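Here is the structure we will look at.
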Amino acid sequence: MTHDLVIRKADPTDAEESDAVRSVIAAAFVEQPSVATLWADVERRGHARGSLVALEAGRVVGHVGLSHSWLDTRRRLVDVLVLSPLSVVPARQGSGIGGRLLAAAIEAAQELAAPAVFLEGDPGFYSRHGFVPGSEHGLLAPSARIPGPAFQVVLLERHEPWMTGRLVYREVWWDHDAVGLRDPGLAEVEQHLGVADPSGA
């Protein structure tokens, strides 16, 4: 049940809340400890455009981040948003908090006048919340290490038909080697999604 849930913008001046957000990310990505470090660096470099928290009884139980990237179209670079990370404490996963955070993040992206929100993730989950493969709209992933079905997008009101091309991540993502996956994890995800290794290996 999520009836007591409150979702709001994170308060960047609240050090205790910031620590709680880092703890939630670390708990949700316990096998990928670099995720919390990456988000902290995204914020430190000024690339964060939205940071939302989910609270139950005043305690942070979930978080979602939106950051700036570009879409490299034929006309010009277009400012877009990347949704990552989406985190819910393990004890509350599967209770609908992630879906509520996603809906709030999309609403926040609309308010920021973004034409599109991109993410890398499990299509089995994100497709239930309005995301579709980027390829359906002529959109290209920033790396061949992102399996096609996992490169997903939601187009927003500001999107126009000419806005097609390749997503370009900010440098911070490359500095942390956080674009796509690497083997053996990549091969495992490709197998799960039924996607062939393009290298033929």
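Residue numbers count from 1 along this sequence. Computed from a predicted model, the values in this text were never measured in an experiment.
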| field | Sub-4.5 Å side-chain heavy-atom contact between F29 and P85 | value | yes

| query | R22 and E43: salt bridge (charged side-chain N to carboxylate O under 4.0 Å, His left out), yes or no, with the steps? | reply | CA-CA 12 Å; R22 284 191 289 271; E43 290 191 306; 5.6 Å; no

| field | From CD1 (I7) to CZ (R100), nearest 0.5 Å | value | 5.0 Å

| field | Nearest-0.5 Å distance, CD of residue Q32 to CG of residue L181 | value | 7.5 Å

| field | Inter-residue atom distance E17.CD - R59.CZ, 0.5 Å rounding | value | 13.5 Å

| remark: Of all heavy-atom pairs linking E56 and L5, the shortest is CG-CD1, 3.6 Å

| query | Would you say W39 and S87 make side-chain contact, with heavy atoms under 4.5 Å? | reply | no

| remark: Looking only at heavy atoms, the pair that brings G124 and R128 closest together is O-NH1, 2.7 Å

| If you look at every heavy atom in V82 and S69, which pair is closest and at what distance? | CG2-OG, 3.4 Å

| task | Using atom types as modelled and distance alone, determine if a side-chain donor or acceptor of R166 lies under 3.5 Å from a backbone N or O of A141. | result | yes

| For the residue pair G148 and P133, what are the closest heavy atoms and their distance? | O-CB, 4.4 Å

| task | Supply the atom-to-atom distance D41 CG to S34 OG, rounded to the nearest 0.5 angstrom. | result | 11.5 Å

| query | At their closest point, which heavy atom of A114 faces which heavy atom of L81, and how far apart are they? | reply | CB-CD1, 3.6 Å

| message | Could you go through I146 and V179, starting from their C-alpha distance and side-chain angles, then the distance that decides it, and tell me whether this counts as side-chain contact (heavy atoms from CB on, under 4.5 Å)? | response | CA-CA 8 Å; I146 305 173; V179 180; 4.2 Å; yes

| said: Counting neighbours of CD on E16 that are heavy atoms of other residues, nucleotides or ligands and sit closer than 6.0 Å, is the number greater than 12? | reply: no

| message | With a 6.0 Å cut-off (strictly less than), is the heavy-atom count around CZ of R8, excluding the residue itself, greater than 12? | response | yes

| field | Selection residues 115-126 - residue pairs positive for side-chain hydrogen bond (donor to acceptor under 3.5 Å, both in side chains), sequence neighbours left out | value | E120-Y169

| request: Find the distance between CD1 (I106) and NE2 (H129) and round it off to the nearest 0.5 Å. | output: 9.0 Å

| query | Under the 4.5 Å side-chain heavy-atom rule for ILVMFWY, direct or indirect, which residues accompany V168? | reply | W70, L77

| W173 versus S84: any side-chain heavy-atom pair under 4.5 Å? | yes

| field | For A105 against L66, the heavy-atom pair lying closest together | value | O-CD1, 3.5 Å

| task | State whether R49 and D79 are salt-bridged, where the test is any N-O pair (Lys NZ or Arg NE/NH1/NH2 against Asp/Glu carboxylate O) under 4.0 Å. | result | no

Which pairs would a plain distance check flag for residues 151-164, meaning a side-chain donor or acceptor within less than 3.5 Å of a matching protein atom at least two apart in sequence or in another chain?
unit_1, atom_1, unit_2, atom_2, d
Q152, NE2, G121, O, 2.8
Q152, NE2, A150, O, 3.4
H159, NE2, M163, O, 3.2
E160, OE1, W162, NE1, 2.8

| said: Working to the nearest 0.5 angstrom, can you tell me the gap between L102 CG and L86 CG? | reply: 5.0 Å

| request: Look at atom CD of Q110 and say whether more than 12 heavy atoms of other residues, nucleotides or ligands are closer to it than 6.0 Å. | output: yes

| Is it the case that more than 12 heavy atoms not belonging to H137 sit under 6.0 Å from its NE2 atom? | yes

| message | Using the rule that Ile, Leu, Val, Met, Phe, Trp and Tyr join whenever any side-chain heavy atoms are under 4.5 Å apart, tell me whether L140 and L193 fall into a single cluster. | response | no

